[in-house]
Protein chains: 2
Amino acid sequence: MAIFSKTCEYAMRAVFYVAQRSHEGSRVGIKEIAEHINSPEPFLAKILQKLSREGLIQSVKGPNGGFYFDAASLNRPLANIVTAVDGDNIFTGCGLGLTYCSESNPCPLHEDFKKVRNQITHMLNHTTIGKFNMGLIKGKFTLNK
Amino acid sequence: MAIFSKTCEYAMRAVFYVAQRSHEGSRVGIKEIAEHINSPEPFLAKILQKLSREGLIQSVKGPNGGFYFDAASLNRPLANIVTAVDGDNIFTGCGLGLTYCSESNPCPLHEDFKKVRNQITHMLNHTTIGKFNMGLIKGKFTLNK
DNA sequence: ATAATAAAAGATAAAAATATCTTTTATTAT
DNA sequence: ATAATAAAAGATATTTTTATCTTTTATTAT
Ligand code: FES
Ligand code: FES
């Protein structure tokens, strides 16, 4: 069990890859994205379709078409992608799976888990989609291994 | 998507409930546990069977039988339960789902994600199975809502 | 206009996680 | 010994997640 679903992992990797290529001024086809982030192509297509419908990623059909991010989208927090794909349970849910988390009627893990949740929230709110463009271009980071 | 699998959530809740009752000197039947932690009984049975096989929880069959923890088991970290049920991905895995996490060839989230992972690890290693017994007995914590 | 390209949409399929049911085995009390 | 109890084990079912395939629609270049 990983923290994020496969769907969400693919989404985040794809988003970072497309962001980097957008920064360079290109659009990217689904095939190229899938190859570079090591994900099943048709499954990734579905994920990006969803993000596209929600306006989180830009796309154009036809020759020279593909996915890209405009300036506004590059500045969105990764949290938006996660929420679109996995919902907001990771930001608000109970660590022991109770139907809701509450301060006044907490589960045993509540105090400790809150810290974990806050750190995740901080991480996803403070990393923008375009944050790692330079690092990715310079080969400082990897998206497929 | 929650941090832990349903299986793991039920396991943790069950373990806290049984620990509390063990502290009071009782054994608890699967039915009673399932009712008190609000989980599907036969599914929970499978989970506890697994923990039992691994020696993480004690059980006896027959009349007055049920599950309980001995003193040594009460002092084990919750991490042992999580590992038995969900494996160790949550302690070592990559946040973006790459096949392994590495310092020298990191994913973009690596630095931030490491902190999250460390906090989860700390939480699960420092809470023992019996840690919340008093709080549970006094009704300070809940396991079903 | 036409042909080529690439995403969008819809329909299926496979695998994994979650859940249930039935039979067997061990333990205890009588 | 016997009957009652409760977990263990094995087989099966359902649901959700992950993955694939086919058809349609929009865009671009010629
Ligand atoms: S009640 Fe469980 S994390 Fe808040
Ligand atoms: S490489 Fe992704 S978390 Fe370490």
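Every chain is numbered from 1, with letters handed out A, B, ... down the list of sequences.
- Atom-to-atom, CD1 of B:Ile37 to P of C:dA19 comes out at 11 Å; the value is rounded to the nearest Å.
- Across all strands shown, C:dA4 forms a Watson-Crick or G-U wobble pair with D:dT27, both key distances being under 3.5 Å.
- An OP1 or OP2 oxygen of C:dA8 is reached within less than 4.0 angstrom by a side-chain nitrogen or oxygen of A:Ser52.
- In this structure, B:Pro42 reaches the bases: a heavy-atom distance under 4.0 Å links it to at least one base atom across the strands shown.
- In this structure, the CZ atom of A:Arg21 is 13 Å from the P atom of C:dA6, given to the nearest Å.
- Note on B:Ser59: a side-chain N or O is less than 4.0 Å away from OP1 or OP2 of D:dA8.
- Of all nucleotides listed (C:dA8, C:dT20, C:dT18), C:dT18 comes nearest to the side chain of B:Lys6.
- Considering every non-hydrogen atom in both B:Ile81 and B:Val15, the closest pair reads CD1-CG2, 3.7 Å.
- For B:Gly62 and B:Phe4, each mapped to the nucleotide of DNA chain C holding its nearest heavy atom, the one lying further toward the 5' end belongs to B:Phe4.
- Here the closest non-hydrogen pair linking A:Thr92 and A:Cys101 is O-CB, 3.6 Å.
- Across all strands, A:Val85 comes closer than 4.0 Å to no nucleic acid atom at all (heavy-atom distances).
- When the P atom of C:dC21 is taken as reference, atom NZ of B:Lys31 falls 13 Å away, rounded to whole Å.
- B:Lys50 and B:Ala84 make their closest contact through NZ-O, 2.9 Å (heavy atoms, listed as atom of the first residue, atom of the second, distance).
- Counting only heavy atoms from C-beta outward, the side chains of B:Leu56 and B:Phe69 never approach each other to under 4.5 Å.
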| task | Show your working on side-chain contact (heavy atoms from CB on, under 4.5 Å) between A:His36 and A:Leu143 and close with a plain yes or no. | result | CA-CA 7 Å; A:His36 281 83; A:Leu143 291 171; over 6 Å; no
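- Both A:Gly65 and B:Ile30 lie close to DNA chain D; mapped to their nearest nucleotides by heavy-atom distance, the more 5′-ward contact belongs to B:Ile30.
- One side chain, B:Asp86 or B:Ser5, offers a donor N or O that lies under 3.5 Å from an acceptor on the other.
- The distance between atom NZ of A:Lys46 and atom P of C:dA6, rounded to the nearest whole Å, is 18 Å.
- Checking the phosphate oxygens (OP1, OP2) of D:dT18, a side-chain nitrogen or oxygen of A:Thr7 falls inside 4.0 Å.
- The shortest distance between the side-chain N/O atoms of B:Asn64 and the OP1/OP2 oxygens of C:dT27 is not below 4.0 Å.
- Side-chain nitrogen and oxygen atoms of A:Tyr10 include none within less than 4.0 Å of the OP1 or OP2 phosphate oxygen of D:dT18.
- Whole-Å rounding puts the B:Glu41 CD to C:dT20 P distance at 10 Å.
- Atom CD1 in A:Ile47 sits roughly 9 Å away from atom C1' in D:dT18 (whole-Å rounding).
- In this structure, B:Lys61 atom NZ and C:dA26 atom C1' are separated by 5 Å, rounded to whole Å.
- Taking side-chain N and O atoms only, B:Arg53 has a distance below 4.0 Å to OP1 or OP2 of D:dA9.
- In this structure, the nucleotide among D:dT20, C:dT27, C:dA7 sitting nearest to the side chain of A:Phe67 is C:dA7.
- In this entry C:dC21 has D:dG10 as its Watson-Crick or G-U wobble partner, both defining distances falling under 3.5 Å.
- For A:Phe43 and C:dA15, the CZ to P distance is 15 Å, given to the nearest whole Å.
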